[in-house]
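Source: prediction; values computed, not measured.
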Amino acid sequence: MIGRTVLRIVGPLVPSVVIVVAAWWLALEAFGISPLVGKRPPQVWEYLTASQAHREAVFGALGITIRDAAIGFVSGMAAAIVVAVAFVLLRTVEQTFMPVAMLLRSVPLVVMTPLITLVFGRDLLGVAVIGGIVVFFPALVNIAFGLRSASPQATDLIMAYGGTRFTVLRKVAVPTAMPAVFASARISVPASIIGALIAEWLATGEGIGAEILRAIGGFRYDEVWADIVVVTGVSILAYAVVGVVEALVLARFSDRRPG
């Protein structure tokens, strides 16, 4: 079952990756971009395989970016789930705080990052806040909608047998919201990497984000393109992993029988 699920999720991504690589190559050729600046796929491959030092530079920075993205993803998703549950249980909380959340969402993160850095610092706490903001708002809307999609008939049945709102939440709303939670997770995985890159560009000075800036300043365009390709590949891989986990978990829920 796991093998079939992996094949079903990953299979469609393979031709997509081929198309993107072909479009990258063709676009550089079509616009006449010099190979000194616009690196083609063979040049990126040659850079990564030619020297151990090159791989250490790229993948060492990548490890920091993955850590930062994971922190942002976990913090953003956890906060979104907690707030979505509060919104569903207490409508007054939603009416009070949702406009504030949407107002904050309208402020560009690049503008907020210096203030976040001043308040929370440049360490992992600041990274968690910056990455979490990118993840939090889209996930909050999706998860809250999923929790409210519970069957009214099932809700009325539980309440008729003396169940509480927490019982309805646990037995009906949460299972119903699982597709929305995983949809939010799939959206949030690439978003968390973007949040990590922003944090590295503007706050920490570490990871792929900072290395790209330093490489551009040093005219090391091979390294720039290698960094971009590697972080994009990790984003695609993480998206596929979440898709596989989603398929397995939802299949498990669909196999459950009452009683």
Do [X] and [Y] have side chains that get closer than 4.5 Å, going by heavy atoms?
| X | Y | answer |
| --- | --- | --- |
| V44 | V230 | no |
| I66 | L62 | yes |
| L36 | F219 | no |
| R214 | E223 | no |
| L109 | I130 | yes |

W24: ring-ring contact (aromatic ring centres under 6.0 Å, His included) partners, not counting sequence neighbours: W225
By ring-ring contact (aromatic ring centres under 6.0 Å, His included) - contacts of Y47 (at least two apart): H54
Starting at [atom1] of [X], measure out to [atom2] of [Y] and round the result to the nearest 0.5 Å.
| X | Y | atom1 | atom2 | value |
| --- | --- | --- | --- | --- |
| I198 | I193 | CD1 | CD1 | 12.5 Å |
| Y221 | S34 | OH | OG | 10.0 Å |
| L28 | Q43 | CG | CD | 9.0 Å |
| E211 | I216 | CD | CD1 | 11.5 Å |
| S192 | I71 | OG | CD1 | 11.0 Å |
| I194 | S188 | CD1 | OG | 11.0 Å |

Worked verdict on Q153 versus S151 for side-chain hydrogen bond (donor to acceptor under 3.5 Å, both in side chains): CA-CA 5 Å; Q153 293 81 9; S151 167; 3.0 Å; yes
Shortest non-hydrogen separation from [X] to [Y] and the atoms involved:
| X | Y | result |
| --- | --- | --- |
| G126 | I116 | O-CG2, 4.2 Å |
| S75 | G72 | OG-O, 3.1 Å |
| V189 | A238 | CG1-CB, 3.2 Å |
| I228 | V231 | O-CG1, 3.3 Å |
| V93 | A86 | CB-O, 4.3 Å |
| A240 | L13 | CB-CD1, 3.6 Å |

Partner set under salt bridge (charged side-chain N to carboxylate O under 4.0 Å, His left out) for [X], not counting sequence neighbours:
| X | result |
| --- | --- |
| R170 | none |
| E46 | none |
| R55 | none |

Under the side-chain hydrogen bond (donor to acceptor under 3.5 Å, both in side chains) test, which residues partner [X], sequence neighbours left out?
| X | result |
| --- | --- |
| T65 | E200 |
| T167 | T164 |
| R67 | none |

Cut-off 3.5 Å, no hydrogens considered: what does the side-chain donor-acceptor table look like for residues 131-150, sequence neighbours left out?
| unit_1 | atom_1 | unit_2 | atom_2 | d |
| --- | --- | --- | --- | --- |
| R148 | NH2 | E94 | OE1 | 2.2 |
| R148 | NH2 | E94 | OE2 | 3.1 |
| S149 | OG | F145 | O | 2.8 |

Using the rule that two of Ile, Leu, Val, Met, Phe, Trp, Tyr join whenever any of their side-chain heavy atoms come within less than 4.5 Å, decide whether [X] and [Y] are in one cluster.
| X | Y | result |
| --- | --- | --- |
| L250 | V245 | yes |
| L237 | I64 | no |
| F73 | I187 | no |
| V17 | V242 | yes |
| L115 | V119 | no |

Whether T113 side chain and L202 backbone form a donor-acceptor pair below 3.5 Å: no
Backbone N/O of T204 and side chain of R122: donor-acceptor pair under 3.5 Å: no
Pairs touching residues 173-189 that satisfy salt bridge (Lys or Arg N to Asp or Glu O under 4.0 Å), sequence neighbours left out: R186-E246
Residues that, via side-chain heavy atoms closer than 4.5 angstrom, fall in one hydrophobic cluster with I19: none
Pairs touching residues 82-110 that satisfy ring-ring contact (aromatic ring centres under 6.0 Å, His included), sequence neighbours left out: none
E29 with R40: basic N within carboxylate O range, under 4.0 Å: yes
Steps toward side-chain contact (heavy atoms from CB on, under 4.5 Å) verdict (W45, V229): CA-CA 10 Å; W45 177 258; V229 169; over 6 Å; no
